[in-house]
Asks: 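Okay, here's the structure, questions in a sec.
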Amino acid sequence: MGLESATYISELVSANPTATDPISQGDDHLRLIKAVLKNQFSGLSGTTAVTADGAEMNLLDGCTATTTELNYLDITTLGTSADSKALTQSAGGVVTVGATSGNQVLNIASHDLVDGGLKLAGTLVTASATELNLLDGKSVVGDAVLATDQSWSGAQRGTPSTVTNGTLDLDAANNFLYTPAAADVLEFSNEETGQSGFIKLINPSGYAISLGSEVKAVSTFATDVSIAGTYLITYFCDGTNVYVSASAALV
C-alpha cells in the first residue's frame, strides 16, 4: 500500500498514493501532508503571512551567518557606530565613530608607516602616533617642542614688531622697530627667561628716553639714546630683568 511514514518534506514519496490504492486512504495521505508541513515549517505560527517570493528567499542561499552575526547589522542609526555592530555610512556620506565622551577607539592596526594604514586623499600618513603626539597641546603650525640640538639649512626669520611707545611685548616678537613719538620710557612686558633679540631705535627728534625699573644698562644708556639718531639695541631677559646695550648712533 502506498502510504509512507514521513516527518519532513524530503521523506515524502512523490509516487504515492498509487493508482491502485483504496480511496479510503485519501484522508491518511492528507493528514500526513499536513503533519509534514506543520513540522517542517514549525516556526510559522500565528496569522502572519510569509510574503517573500522564491527569488527573495534564494538570496539566503549559501548564507552561513549565524543569528548573532546577522544581528551585527541591526543598526540604530546609519552612519553612527555602535558596540558590536557593523560600521556603516549615512546617506550624507558621513561615518561617525562613537558618541561624545563615549571613549570609543578606532584602531588602525595595519598602520606601519610604509605601505599600510591611514591614508588621507590617497596619500599614506607616514608619521607615527608618537610623532603626531608631538603636536599635542600646540595651537599654531610650527609650535613644536625642540628638545634636541637643531641644524638649520635655511634662513630663520621673525617679523619685527613695530612700536611707537617704549613698552615692548616679548610675546609679540623677538625683534622690534621702535620709533618714539615723544619722550618715552623703554620697558618690557611678558618677560621670559632666555629671550633675547634686537631693537632698532629711531629717535627722530632727540626725545628723552628713560628706562623702566626692570631694564638694566650702563649709566649713560638713557642719555646716549636720547640724542636724535638711529641705534641698534641688544637685549637679554632672565625672566625678571632685561639687560640692554646700545650701539653708538648709526650713520
Side-chain angles (χ1 to χ4, degrees), residues 100 111-114 117-251:
T100 302
H111 192 69
D112 59 8
L113 316 183
V114 179
L118 176 63
K119 281 188 175 184
L120 299 176
T123 300
L124 181 71
V125 176
T126 57
S128 68
T130 299
E131 292 166 336
L132 291 175
N133 283 338
L134 292 175
L135 299 175
D136 185 29
K138 307 307 173 185
S139 58
V140 295
V141 174
D143 182 14
V145 176
L146 300 177
T148 58
D149 294 341
Q150 304 297 317
S151 177
W152 306 103
S153 59
Q156 305 300 311
R157 303 183 180 92
T159 302
S161 175
T162 300
V163 294
T164 57
N165 63 74
T167 301
L168 308 184
D169 182 358
L170 296 186
D171 275 351
N174 281 75
N175 301 320
F176 300 86
L177 301 177
Y178 170 35
T179 306
D184 207 353
V185 178
L186 175 61
E187 54 190 350
F188 296 82
S189 64
N190 296 311
E191 296 91 339
E192 289 290 341
T193 302
Q195 184 164 341
S196 61
F198 296 91
I199 305 166
K200 179 183 178 182
L201 168 59
I202 303 173
N203 193 337
S205 300
Y207 296 126
I209 303 297
S210 57
L211 304 180
S213 60
E214 83 283 6
V215 179
K216 308 302 179 182
V218 297
S219 59
T220 60
F221 180 92
T223 302
D224 294 339
V225 299
S226 293
I227 300 171
T230 299
Y231 305 87
L232 183 62
I233 299 173
T234 59
Y235 73 89
F236 173 81
C237 179
D238 66 2
T240 301
N241 296 315
V242 181
Y243 299 85
V244 298
S245 177
S247 70
L250 302 174
V251 296

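Atoms considered below: every heavy atom in the structure, side chains included; atoms not considered: hydrogens, waters and symmetry mates.
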Asks: Please find the pair of heavy atoms, one from Asn241 and one from Asp238, that lie closest to each other, and give the distance.
Replies: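 Looking at all heavy atoms of both residues, the shortest contact is N-OD1, 2.7 Å.
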Asks: Testing Leu201, Thr164, Ile202, Val225 for side-chain contact (heavy atoms from CB on, under 4.5 Å) with Pro180, which one passes?
Replies: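 With Pro180 as partner, Leu201, Thr164, Ile202, Val225 yield a single side-chain contact (heavy atoms from CB on, under 4.5 Å), made by Leu201.
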Asks: For Gln195 and Leu170, which heavy atoms make the closest approach, and how far apart are they?
Replies: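 Closest heavy-atom pair between Gln195 and Leu170: NE2-O, 2.9 Å.
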Asks: Counting only heavy atoms not in Phe198, do more than 12 sit closer than 6.0 Å to its CZ atom?
Replies: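 It does not: Phe198 CZ has 12 such atoms or fewer within range.
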Asks: Measuring from atom CG of Asp171 to atom CD of Glu192, what distance do you get when rounded to the nearest 0.5 angstrom?
Replies: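 If I round to the nearest 0.5 Å, the distance is 6.5 Å.
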Asks: Which residues satisfy the side chain to side chain donor-acceptor pair (under 3.5 Å) test with Asn203, sequence neighbours excluded?
Replies: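 Testing Asn203 for side chain to side chain donor-acceptor pair (under 3.5 Å), a comparison that skips the adjacent residues, returns none.
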Asks: List for me each residue that meets side-chain contact (heavy atoms from CB on, under 4.5 Å) alongside Thr223, sequence neighbours excluded, and say none if there are none.
Replies: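 Scan of Thr223 (side-chain contact (heavy atoms from CB on, under 4.5 Å), adjacent residues dropped) gives none.
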Asks: More than 12 heavy atoms of other residues, nucleotides or ligands under 6.0 Å from CD of Glu131: yes or no?
Replies: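 Counting other residues, nucleotides and ligands, CD of Glu131 exceeds 12 neighbours.
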Asks: Between Asn190 and Asp169, what is the shortest heavy-atom contact and its length?
Replies: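 In terms of heavy atoms, the two residues are closest at ND2-OD1, 2.7 Å.
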Asks: Could you pull out the closest heavy-atom pair between Thr159 and Ala173, with the gap in Å?
Replies: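 Of all heavy-atom pairs spanning Thr159 and Ala173, the closest is O-CB, 3.8 Å.
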Asks: I'd like to check the ring-ring contact (aromatic ring centres under 6.0 Å, His included) partners of Tyr235; sequence neighbours left out, ordered by chain and number.
Replies: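 Checked Tyr235 against ring-ring contact (aromatic ring centres under 6.0 Å, His included); matches are Phe188.
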Asks: Between Tyr231 and Asp224, is the side-chain hydrogen bond (donor to acceptor under 3.5 Å, both in side chains) condition met? List the steps.
Replies: CA-CA 9 Å; Tyr231 305 87; Asp224 294 339; over 6 Å; no
